[in-house]
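The structure under discussion appears below in the form of C-alpha cells.
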2 protein chains.
Amino acid sequence: MARTRVTISGLTTIAITVVEKQGLDALSLSSVASRLGVRPSALYTHVNGVEGLRYLVAVNATRNLTDDIRRAAIGVGGGKALQTVGQAYRAFALNSPGQFRATLTAPRSADDELTKANDDLVEVFALVFAAMGLEAETAKLAARSTRSALHGFCALEVAMGTSADHDAQYQHLLDTLEQGLQPTKD
Amino acid sequence: MARTRVTISGLTTIAITVVEKQGLDALSLSSVASRLGVRPSALYTHVNGVEGLRYLVAVNATRNLTDDIRRAAIGVGGGKALQTVGQAYRAFALNSPGQFRATLTAPRSADDELTKANDDLVEVFALVFAAMGLEAETAKLAARSTRSALHGFCALEVAMGTSADHDAQYQHLLDTLEQGLQPTKD
DNA sequence: ACCTGAACACCGTTCAAGT
DNA sequence: ACCTGAACACCGTTCAAGT
C-alpha cells in the first residue's frame with residue numbers, strides 16, 4: 001500500500017525542519033523518512049543517499065542566507081550598508097544555526113548548484129561595495145574578505161556558544177572591515 | 001588474552017593520525033580501535049565514547065595550531081608579525097585540514113581544557129597586537145576579530161577547495177585587517 | 001515510476017565475563 | 001584495572017517484490 005507520495009520540495013522542507021529543530025547532525029535519511037511517513041529506502045528515488053540529502057540542504061540553506069542579506073541590503077545607502085548586511089548575516093547564523101552550518105558544505109563540482117549559490121552569496125557583498133564606490137575587481141576582493149570574516153565569527157559563535165560581549169566584538173569586526181576596506185593610496 | 005595495552009597518549013596519537021589520513025569524518029571508535037589492535041569497547045576505559053574522542057582530538061588540534069602560530073610569531077617585529085602569524089595559521093589549515101576542522105568543536109563547559117586551548121590561541125594574536133603598540137583591551141578585540149577572520153577564510157578554503165587566486169585573496173584579507181586595526185582617532 | 005520489506009554491513013554502547 | 005565478546009539499537013544501502 002504505497003499511499004504516501006514524496007515530492008522533492010516536500011522532502012526539502014522536511015529536511016530543513018529536521019536541521020533546524022534537531023540540529024545538522026540529526027540530518028539523516030531515517031529522520032527525514034520518518035517525518036515523511038515513509039521508509040528510508042524510499043528516499044533513494046529522489047535523492048542520492050545521505051550525501052545527496054546533505055547537498056540538498058546545503059544549497060537551500062545558502063540560498064536562504066543570500067535572500068536574507070539581499071533583503072537587508074535593499075534601500076540602505078553608503079557606509080551603513082555593510083553594517084546592515086553584516087547584522088543580517090549574523091542574525092541568520094544565530095536564528096538558523098543548523099542551516100548556517102550546512103552553508104559550509106563542499107560543492108560537487110566547479111559549476112554545480114552549490115557553487116552557484118555560494119557565488120550569489122558573495123555577489124551581494126560585492127554589490128554593496130560597488131555601491132560604496134569601489135571598482136569591480138576591488139569590490140570582489142572586498143566581498144570575499146568580508147564573507148570570510150563574517151563567516152568565521154559566526155561559525156565560532158554558533159559552535160562555541162554566544163556570550164555577553166559578542167555584540168560589541170562583532171561590531172568591532174564590522175568596524176575593522178569598514179576601515180580596512182576604505183580606498184587608500186599607499 | 002589482553003595483551004595490548006592502550007595509553008591515553010597512544011590513543012591521542014592514533015586519533016590524530018586517523019583525522020589527518022582519513023579525514024575528520026572518519027574519526028570513530030572503530031577506526032581508532034582497529035589501528036590500536038583493540039576492540040572498540042576497550043576504548044571506553046580511556047575515553048567517554050565518541051564524544052570524548054572528538055573532544056580529545058579538538059583539544060590537541062587547537063594546541064597544535066597554537067604552537068605553530070606561536071613559533072611563527074617569535075622574533076618577528078612590528079607590522080610583519082600579523083602577516084607571518086596569518087600565513088602560519090593558513091598553513092596549518094591547508095596542511096592539517098582534519099585537525100583544523102576539529103578546531104571548531106564546542107567546549108563542554110566555560111572552564112574546561114578546550115575553552116582554555118581556545119583562549120590560548122587567541123592570546124597569541126593579542127600578544128602580537130600588544131607588541132604592535134595596542135593597549136590591552138584593544139589588543140584583545142583585535143585578536144578575536146583577527147582569529148575570526150582567519151578562521152573563516154581557512155574554513156571556507158578547506159571546505160570548498162583551494163583555487164589559484166586564493167593566495168592573493170588571503171593577502172587582501174590580511175592587508176584589510178592590518179589597515180582596519182590601525183589605531184585611529186575618529 | 002515509486003514504495004515496501006528483507007537483508008547486509010557498519011558503528012556506538014552496555015555489560016557480564018575473563019585476566 | 002583493563003580488555004574481550006556477545007548483545008542490542010540504529011543508520012545507510014541494495015534489491016527483489018509489489019502497486
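Sequence lines set the chain letters: A, B, ... in the order given, protein chains first and strands last, and positions in each chain run from 1. The figures here come from the full heavy-atom set of this structure, side chains too, leaving out hydrogens, waters and symmetry mates.
Inspection of the A:Gln171 and A:Asp167 side chains reveals no N or O donor paired with an N or O acceptor under 3.5 Å.
Look at B:Arg39 and you won't find any side-chain N or O under 4.0 angstrom from OP1 or OP2 of D:dC3. Contact annotation: A:His46 does not reach the phosphate of C:dA1 (side-chain N/O to OP1 or OP2, under 4.0 Å).
Taking every side-chain heavy atom of B:Ser41 into account, C:dT14 is the closest of C:dC2, D:dC15, C:dT14. Checked against D:dT14, C:dC2, D:dT4, the side chain of B:Ala42 finds its nearest nucleotide in D:dT4. Listed nucleotides: D:dC15, D:dC3, C:dC3. Nearest to the side chain of B:Val38: D:dC3.
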Anything under 3.5 Å between a protein N or O and an N or O of nucleotides 10-12 of chain C, put it in a table, one pair a line.
residue	atom	partner	partner atom	Å
C:dG12	OP1	B:Leu29	N	3.3
C:dG12	OP2	B:Leu29	N	3.1
C:dG12	OP2	B:Ser30	N	3.0
C:dG12	OP2	B:Ser30	OG	3.1

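Pairing for C:dT13 goes to D:dA7, judged as Watson-Crick or G-U wobble with the two contacts each under 3.5 Å. Remark: D:dG18 base-pairs with C:dC2. Criterion, Watson-Crick or G-U wobble with two distances under 3.5 Å.
With sequence neighbours excluded, the residues forming a ring-ring contact (aromatic ring centres under 6.0 Å, His included) with B:Tyr170 are B:Phe153, listed by chain and number.
Taking a cutoff of 4.0 Å between a charged side-chain nitrogen and a carboxylate oxygen, B:Lys140 and A:Asp165 do not qualify as a salt bridge.
The backbone N or O of B:Ala26 sits less than 3.5 Å from a side-chain atom of B:Ser31, completing a donor-acceptor pair.
Distance B:Leu36 CG to D:dC3 C1': 13 Å, rounded to the nearest Å.
By the 30° and 60° cut-offs, the orientation of the rings of B:Phe125 relative to B:Tyr89 is tilted.
The number of heavy-atom neighbours closer than 6.0 Å to CG of B:Asn48, taken from other residues, nucleotides and ligands shown, is 12 or below.
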